[in-house]
**Q** 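Below are the structure tokens for one structure; questions will follow.
When reading the values below, keep in mind they use all heavy atoms of this one structure, side chains included, and skip hydrogens, waters and symmetry mates. Predicted model, so just to flag it, every value in this text is computed and none were measured.
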Amino acid sequence: MKTKKKLVSVILAVVLCFSFSLNAFAFEAEKAPTPEKHVVTLNIAPGGSSTVSPMMWDNKSYTVGPLVTTYTGQFVIPDRYFAYEVTVSGSNEGYSVSLMYNPEIVIASIYNVADGSTHKNDWIDVDAGHSYLFRIVNSSLYSSINATITYYSWK
């Protein structure tokens with residue numbers, strides 16, 4: 001009797017092992033689907049109560065002379081998050097555009113070469129309702145630069 005029970009348990013263990021291996025051999029990797037490109041168009045009637053976030057709410061251009069640091073006028077950021085992008089051309093030399101809480105406290109900066117390319121500083125966490133300004137520094141010895149700053153904010 002004991003021998004029969006042992007033999008049956010060994011046979012069941014072998015059958016169980018083979019049943020696990022069948023699933024492993026049956027698996028075939030599925031190919032990942034190819035992503036499709038979709039274009040979404042959003043039409044908002046002028047004067048409607050709809051809001052779009054993030055909102056571009058200003059776009060200004062500045063000309064800064066050689067080796068000059070200038071400050072923009074102060075503005076109030078209405079939302080918690082802020083972003084700005086800068087396009088600077090004119091010298092192929094260095095510049096910086098910094099978001100400032102006041103003329104001494106830098107919140108975020110972009111340092112690059114004034115070659116006409118656009119650079120963005122994104123997801124800046126600010127205190128909504130406070131005044132800020134930009135500092136623009138031209139590091140060129142001989143050339144003026146033209147800087148265009150576009151502001152964005154969202155909640």
Side-chain angles (χ1 to χ4, degrees), residues 16-155:
L16 184 64
C17 288
F18 281 119
S19 68
F20 287 138
S21 65
L22 291 177
N23 288 339
F25 290 120
F27 177 74
E28 289 185 24
E30 294 182 18
K31 292 183 180 178
T34 305
E36 296 179 26
K37 182 177 180 181
H38 298 278
V39 176
V40 176
T41 304
L42 178 63
N43 295 317
I44 298 175
S49 61
S50 300
T51 59
V52 177
S53 183
M55 176 182 72
M56 181 183 97
W57 52 272
D58 211 346
N59 184 336
K60 295 191 177 181
S61 295
Y62 304 91
T63 301
V64 183
L67 293 178
V68 171
T69 298
T70 189
Y71 294 87
T72 66
Q74 289 192 343
F75 53 91
V76 175
I77 298 176
D79 301 312
R80 177 179 176 186
Y81 297 108
F82 183 75
Y84 66 99
E85 59 186 29
V86 180
T87 305
V88 181
S89 60
S91 71
N92 279 334
E93 294 184 52
Y95 74 88
S96 70
V97 176
S98 303
L99 176 66
M100 314 278 295
Y101 183 69
N102 61 37
E104 292 87 31
I105 300 174
V106 176
I107 305 298
S109 294
I110 295 175
Y111 302 94
N112 223 303
V113 175
D115 60 359
S117 58
T118 301
H119 301 279
K120 187 172 187 177
N121 209 334
D122 207 357
W123 286 96
I124 304 166
D125 196 352
V126 295
D127 291 328
H130 286 98
S131 294
Y132 294 86
L133 65 142
F134 284 109
R135 176 181 67 197
I136 306 169
V137 178
N138 181 359
S139 301
S140 172
L141 292 172
Y142 307 107
S143 300
S144 293
I145 59 171
N146 297 315
T148 302
I149 305 172
T150 305
Y151 314 14
Y152 303 89
S153 67
W154 62 97
K155 295 180 182 186

**Q** Tell me every residue that passes side chain to side chain donor-acceptor pair (under 3.5 Å) with Q74, counting only those two or more places apart in sequence or in another chain.
**A** none

**Q** To the nearest 0.5 Å, what is the distance between OG1 on T87 and CD1 on I149?
**A** 10.0 Å

**Q** With side chains defined as the heavy atoms from C-beta onward, is the minimum distance between I124 and Y84 less than 4.5 Å?
**A** yes

**Q** Give the minimum heavy-atom separation between G65 and S144, together with the two atoms involved.
**A** CA-OG, 3.5 Å

**Q** Picking from Y71, F75, Y95, what satisfies ring pair (Phe, Tyr, Trp, His ring centres under 6.0 Å) with F134?
**A**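 It is F75, the one option of Y71, F75, Y95 that forms the ring pair (Phe, Tyr, Trp, His ring centres under 6.0 Å) with F134.
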
**Q** List the atom of P78, the atom of S153, and the distance in Å for their closest heavy-atom pair.
**A** CG-OG, 3.8 Å

**Q** To the nearest 0.5 Å, tell me how far I107 CD1 sits from N121 CG.
**A** 11.0 Å

**Q** Roughly how far, to the nearest 0.5 Å, is the CG atom of L67 from the OG atom of S140?
**A**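 With rounding to 0.5 Å, OG (S140) is 7.0 Å from CG (L67).
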
**Q** Any chance you could measure E93, atom CD, to I145, atom CD1, to the nearest 0.5 Å?
**A** 10.0 Å

**Q** How would you list, by chain and number, every residue that makes a salt bridge (charged side-chain N to carboxylate O under 4.0 Å, His left out) with R80, sequence neighbours excluded?
**A**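 R80 satisfies salt bridge (charged side-chain N to carboxylate O under 4.0 Å, His left out) with D125 once adjacent residues are dropped.
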
**Q** Any idea which heavy atoms bring T148 and S61 closest together, and the distance?
**A**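 In this case the closest contact between T148 and S61 is OG1-OG, 3.0 Å.
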
**Q** How many angstroms lie between CD1 in I77 and CG in D127, if you round to the nearest 0.5 Å?
**A**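 Taking CD1 in I77 and CG in D127, the distance rounds to 9.5 Å.
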
**Q** Could you go through the ring-ring contact (aromatic ring centres under 6.0 Å, His included) check for Y101 and Y132 one step at a time?
**A** CA-CA 5 Å; Y101 183 69; Y132 294 86; 5.5 Å; yes

**Q** State whether the side chain of N102 and the backbone N or O of E104 hold a donor-acceptor pair below 3.5 Å, judged by distance alone.
**A**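 Confirmed, N102 side chain pairs with E104 backbone.
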
**Q** So, do L141 and P66 sit near enough that their side-chain heavy atoms are less than 4.5 Å apart?
**A**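 No. Closest side-chain heavy atoms not under 4.5 Å.
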
**Q** Any side-chain heavy atom of T70 within less than 4.5 Å of one from Y62?
**A**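 SC-SC contact between T70 and Y62 ruled out.
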
**Q** For K60, is the NZ atom crowded, meaning more than 12 foreign heavy atoms sit under 6.0 Å from it?
**A**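 No.
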
**Q** Hey, mind stepping through E85 and Y152 against side chain to side chain donor-acceptor pair (under 3.5 Å) and telling me if it holds?
**A** CA-CA 9 Å; E85 59 186 29; Y152 303 89; 3.2 Å; yes

**Q** Can you measure from CZ (F82) to CH2 (W123) and round to the nearest 0.5 angstrom?
**A** 14.0 Å

**Q** Only counting residues at least two apart or in another chain, list the ones meeting side chain to side chain donor-acceptor pair (under 3.5 Å) with N112.
**A** H119

**Q** What's the shortest heavy-atom distance between S131 and V76, and which atoms?
**A**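 Here S131 and V76 meet closest at OG-CG2, 3.8 Å.
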
